Amino acid sequence: MARYNAKESERQWQAEWDARALFATPGHSDKPKCYVLEMFPYPSGRIHMGHVRNYTMGDVIARFRRAQGYNVLHPMGWDAFGLPAENAARDKGVSPRDWTYENIAAMREQLKMMGLSLDWAREFATCDPEYYHQQQKLFLDFYKAGFVHRHEADVNWDPVDMTVLANEQVIDGRGWRSGALVERRKLSQWFFRITQFADELLAGLDTLDRWPEKVRVMQRNWIGKSEGLRFQFTLSNSEKLDVFTTRPDTLFGASFVALSPEHPLAQELAKKDAGLAAFIEECRHVGTAEADIEKAEKKGYATSLTAAHPFDADWELPVMVANFVLMGYGTGATFGCPAHDQRDLDFARKYQLNVTPVVVPEGADPRTFDVGQEAYTGPGLLANSRFLDGMTVDQAKAEVAARLEKAGTGARTVNYRLRDWLVSRQRPWGCPIPMIHCAKCGVVPVPADQLPVRLPETINFQVKGNPLDADTSWKTTTCPACKGPAVRDTDTLDTFADSSWYFTRFTNPDFDEPVDKKAADYWLPVDQYIGGIEHAILHLLYARYFTRAMSKLGMVKVAEPFAGLFTQGMVCHETYKDADGNWVSPEEIEKRDGKAFERNTGKEITIGPSEKMSKSKKNTIAPETIIAEYGADTIRWFMLSDTPPERDIEWTDAGAEGCWRFVQRVWRLATESQGLPPAGTVPSNDDAAKPLRQAAHRAIAAVTDDLENLRFNRAVAQLYTLANVIGGAEKVDGGARREAIEALVLLSAPMMPHLAEQCWKELGHGKLVAETPWPKYDPALTASDSVTIAIQVNGKRRGEISMAKDAQTKDVEAAALAEDGVRRALDGKAPKKVIVVPNRIVNIVA
RNA sequence: GCGGCCGUGGCGAAACUGGUAGACGCAGCAGAUUUAGGUUCUGCCGGGCAACCGUGGGGGUUCAAGUCCCUCCGGCCGCACCA
């Protein structure tokens with residue numbers, strides 16, 4: 001038999017699956033449903049190894065569930081709006097539309113070469129007018145429901161991408177894409193009121209038991225809920241100052257009141273105080289710059305004002321402007337209690353302010369308790385606090401809140417770190433915001449019969465600023481209300497809006513409303529979602545928000561879109577540098593004796609650590625090269641082997657060759673087996689056949705369990721083991737051999753679908769593997785009748801015995817004591833105690 | 001600093017609720033087949049001549065610890081002055 005021709009075979013089977021429309025999902029079915037989804041790609045032009053890993057995992061699950069009898073939805077689409085298309089358009093003079101659709105066509109072909117079991121009939125791109133038409137309707141629905149609002153605010157302006165950004169998109173003070181330092185601007189923009197659902201989004205995390213803990217923690221921190229008290233200080237100029245605290249219990253330990261440098265009162269005072277103005281200016285410069293925040297000293301400036309303690313009008317606290325108080329949190333002002341807050345303590349020591357402990361740990365003496373240089377934040381009883389003395393922290397918090405609420409100067413509040421989602425973007429390649437600005441009527445939604453607001457056919461990138469804004473003929477329109485002259489909103493929606501509901505649209509992508517409720521209610525939630533950890537906050541939080549908002553509008557039944565989430569690791573590769581420190585790509589390299597040399601020049605190249613594949617480090621491997629050389633099954637098998645899916649995987653040539661050898665090995669086992677009886681033969685139950693039969697049935701049980709739990713690397717190892725057993729059992733009964741080989745083929749099918757089809761055909765089957773149910777195991781064959789039991793003496797292994805399964809304890813004990821190594825270790829002494837763990841181990845205590 | 005995850009052969013890793021540490025793969029070594037290379041097949045492959053010793057270090061619980069507890073060291077990721 002000839003070697004397996006992957007190229008030929010893969011093309012044929014892909015055509016066969018297509019012709020039979022095997023992966024087109026019926027809308028209705030009696031089978032249980034399973035929605036498998038991988039994060040859809042941005043159409044950059046080529047697929048990369050990260051896509052290969054992501055889509056292979058999803059495909060394994062989809063094929064596995066389909067074989068198990070589920071009605072599987074496994075769609076694919078394109079996250080197609082965004083800046084790279086604009087940059088390409090500007091650099092190459094093409095239209096972003098043409099550039100994007102050409103890339104989609106190229107990437108679609110590459111994905112098809114991977115043999116993914118996708119329902120291509122449901123494919124769409126977010127830049128399709130049909131899609132953004134529905135998204136505009138959705139936006140207006142949100143608007144009518146009060147989920148969308150427009151207001152002027154300090155916004156994050158990215159000077160490189162020339163647009164505003166949401167809070168989530170500013171990382172360390174820089175734009176998430178451009179890396180440029182973000183500037184502050186005051187602009188009137190559209191916001192989604194995500195804070196409206198802050199509590200629900202937080203509580204919902206507890207229901208997501210099939211999400212990684214890590215992602216839930218990150219979202220919890222991002223939402224940043226803290227419960228506390230908001231109350232007023234009366235200042236010496238008789239004005240009131242609102243502050244927020246989570247520790248009202250420590251109010252009698254207060255030694256100052258602190259304002260953010262950006263607080264309006266601080267700004268006001270600075271007008272008449274040059275020293276303060278200079279201090280505020282200094283704070284601005286340190287600001288959000290970089291990691292030096294950590295080292296930044298606590299600094300303050302005493303204003304001319306004092307604040308009266310809310311429970312003692314004669315007790316005056318200095319009002320200070322402090323560099324560590326954030327305007328964006330709470331009210332931008334708080335009181336400082338140095339004994340129980342590290343920042344306040346550092347600050348107080350520097351400016352010689354009082355440090356009075358008011359919470360004392362149990363057992364400590366309130367008169368002598370001293371916090372030293374470390375603020376005490378643990379539990380304890382109140383002291384030095386008049387009417388609070390002796391209370392617990394919780395009792396004191398409640399007491400202070402109750403008294404201030406009664407006095408009308410305070411209220412218990414919940415504070416969130418989460419801000420509303422700013423969605424306006426001053427970019428032309430996005431979903432136009434369907435709003436019209438009329439001098440007379442104000443902001444007017446575009447009427448339904450005038451939707452979609454289409455992007456102009458041609459976009460002129462030569463203009464300064466947003467091309468949509470410069471395109472007078474596009475933006476000029478009439479007001480739907482008064483029919484007078486008006487202009488369109490020239491901003492587009494953040495592209496994260498596009499990806500916040502695409503999974504819902506997949507459930508019926510042709511429906512003439514955003515959501516076909518019947519289809520959505522049948523398919524949602526997504527049972528298994530797979531993608532990169534980099535979306536832990538942005539995409540996954542926004543998608544959760546959209547789903548909740550849509551749920552409130554009755555469009556979908558579910559509150560959470562993704563029941564199961566899996567975040568896969570990155571694909572890495574060694575890095576190479578020449579003598580001048582320039583990155584060198586793997587293609588230009590030749591390896592000899594563990595050293596690397598440049599192919600053209602013969603010069604030695606330094607091998608660097610394995611890092612995430614990236615263009616900048618030139619350590620990428622193009623998937624199409626590997627597919628051309630070994631075929632899709634080999635690259636898929638590699639992505640699933642050895643490394644657990646959540647960890648980073650390293651691509652190596654040797655590993656790829658190993659995978660290719662296994663593909664050939666399976667092919668040989670399936671085609672070179674001499675004397676196999678015809679398909680359907682019942683294997684004999686004689687003793688010689690039993691070990692092989694057991695190996696096959698155990699593999700079925702183990703692989704099934706591993707795939708259920710996404711342990712692909714273990715499933716792979718099970719299949720290697722089965723192949724080894726089959727290889728060593730050439731003389732075994734043909735029926736048992738056929739059974740084992742068929743198990744190997746069927747179990748490997750989700751991972752190497754083309755190879756499996758080809759082998760299945762060679763084995764004489766008329767139906768496709770893709771139409772064949774998942775194999776079942778016989779429990780009688782996964783259990784064994786004899787077991788090897790290890791014998792320990794004082795916890796050290798001294799020998800082993802073979803016993804019938806579930807043998808009597810006294811028989812096991814007798815056999816253990818008779819074992820040579822055990823006798824030697826005991827040296828004639830009588831055992832004090834013998835512990836027998838059935839079918840496992842015997843430990844003799846001497 | 002806070003939070004999360006993790007530390008096992010030359011490498012990637014297995015080890016279910018504590019119960020034979022290193023399955024499986026890569027690399028390596030030896031042999032067979034081959035004119036040769038490649039392929040394929042067989043065997044070996046944590047350390048030590050051995051008794052024994054070995055899961056980052058130290059301590060503990062237990063008949064028994066990679067697994068549980070304490071502590072220290074190291075790494076990765078996230079947040080970062082959040083009152």
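From a predicted model like this one, the values you see are computed outputs, not experimental measurements. Every chain is numbered from 1 and lettered A, B, ... according to where its sequence line falls, protein lines coming before strand lines.
A gap of 23 Å separates the P atoms of B:G57 and B:U62, to the nearest Å. Atom P of B:C24 sits at a distance of 13 Å from the matching atom of B:U42, rounded to the whole Å. B:C63 sits 50 Å from B:C41 when the P atoms are compared, rounded to a whole Å. Between B:C76 and B:C69, the two C1' atoms lie 25 Å apart (nearest whole Å). Distance check on atom P: B:G74 versus B:C81 gives 25 Å, rounded to whole Å. Taking atom C1' in both B:C45 and B:C11, the straight-line distance is 14 Å, to the nearest Å. Here the separation of B:A27 from B:A21, taken at their P atoms, is 29 Å to the nearest Å. The gap from the C1' atom of B:C2 to that of B:A80 amounts to 8 Å, rounded to the nearest Å.
Closest approach to the A:Arg417 side chain among B:A83, B:A80, B:C63 is made by B:A80 (side chain taken as heavy atoms from C-beta onward). Ranking B:G4, B:C63, B:U40 by closeness to the A:Arg668 side chain, first place goes to B:U40.
Both distances falling under 3.5 Å, in either a Watson-Crick or a G-U wobble arrangement, place B:C24 opposite B:G12. With both pairing distances under 3.5 Å, B:U35 is matched to nothing as a Watson-Crick or G-U wobble pair. In a base pair of the Watson-Crick type (N1 to N3 plus N6-O4 or O6-N4) or a G-U wobble (N1-O2 and O6-N3), with each distance short of 3.5 Å, B:C5 is matched with B:G75. Pair assignment for B:U67: none, as no Watson-Crick or G-U wobble contacts are both less than 3.5 Å. Base pairing of B:U55: no nucleotide in any strand meets the Watson-Crick or G-U wobble criterion (both distances under 3.5 Å). Searching all strands for a Watson-Crick or G-U wobble partner of B:C29 with both distances below 3.5 Å returns B:G43.
Between A:Arg216 and A:Asp209, none of the side-chain N atoms (NZ, or NE/NH1/NH2) sits under 4.0 Å from a carboxylate O, so this pair counts as no salt bridge.
From A:Lys298, atom NZ reaches atom CZ of A:Arg343 across 7.5 Å, with rounding to the nearest 0.5 Å. Taking CE of A:Met570 as the reference point, atom CE of A:Met49 lies at 15.5 Å (rounded to 0.5 Å).
In this structure, A:Phe347 and A:Phe324 have perpendicular ring planes: the angle between them is above 60°, well past the 30° mark. The aromatic rings of A:Phe233 and A:Phe335 lie perpendicular to each other, with more than 60° between the two planes, well past the 30° mark.
More than 12 heavy atoms of other residues, nucleotides or ligands lie within 6.0 Å of OH in A:Tyr351, so this atom counts as buried by the packing criterion.
Classified by its glycosidic torsion, B:G9 falls in the syn category, the angle being within 90° of 0.
Taking atom CZ of A:Phe256 as the reference point, atom P of B:A83 lies 15 Å away to the nearest angstrom. One can place CD1 of A:Ile537 at 12 Å from C1' of B:G3, the figure rounded to the nearest angstrom. What separates CG of A:Leu345 from C1' of B:C81 is a distance of 14 Å, to the nearest Å. In this structure, CZ of A:Phe324 is placed 16 Å from C1' of B:A80, rounded to the nearest angstrom. As rounded to whole Å, 19 Å separates atom P of B:C16 from atom CD of A:Glu708.
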Expected string for nucleotides 18-25 of chain B under the B/S/- scheme (protein heavy atoms, under 4.0 Å, primed atoms plus P, OP1, OP2 as sugar-phosphate) is -BBS-BSS

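A:Arg798 comes within 4.0 angstrom of sugar-phosphate atoms only, judged by non-hydrogen atoms across all strands, and of no base. Residue A:Lys832 is out of contact with every strand shown, counting any heavy-atom pair closer than 4.0 Å.
Contact annotation: side chain of A:Lys298 to base of B:C81, donor-acceptor pair present below 3.5 Å.
Residues A:Ile194 and A:Leu201 form a side-chain contact, since some pair of their non-hydrogen atoms from C-beta on lies under 4.5 Å apart. In this structure the side chain of A:Phe244 reaches within 4.5 angstrom of the side chain of A:Ser226, judged on heavy atoms.
Residue whose closest nucleotide on RNA chain B sits further toward the 5' end, between A:Asn794 and A:Pro644: A:Pro644. A residue-by-residue look at A:Phe244 and A:Arg647 shows that A:Arg647 has its nearest nucleotide of RNA chain B further toward the 5' end.
Between A:Lys796 and B:C63 there is no side-chain polar atom (N or O) within less than 4.0 angstrom of OP1 or OP2.
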Between A:Asp420 and A:Thr195, is a side-chain hydrogen bond (donor to acceptor under 3.5 Å, both in side chains) present by the stated rule, with each step listed? CA-CA 6 Å; A:Asp420 277 338; A:Thr195 53; 2.7 Å; yes

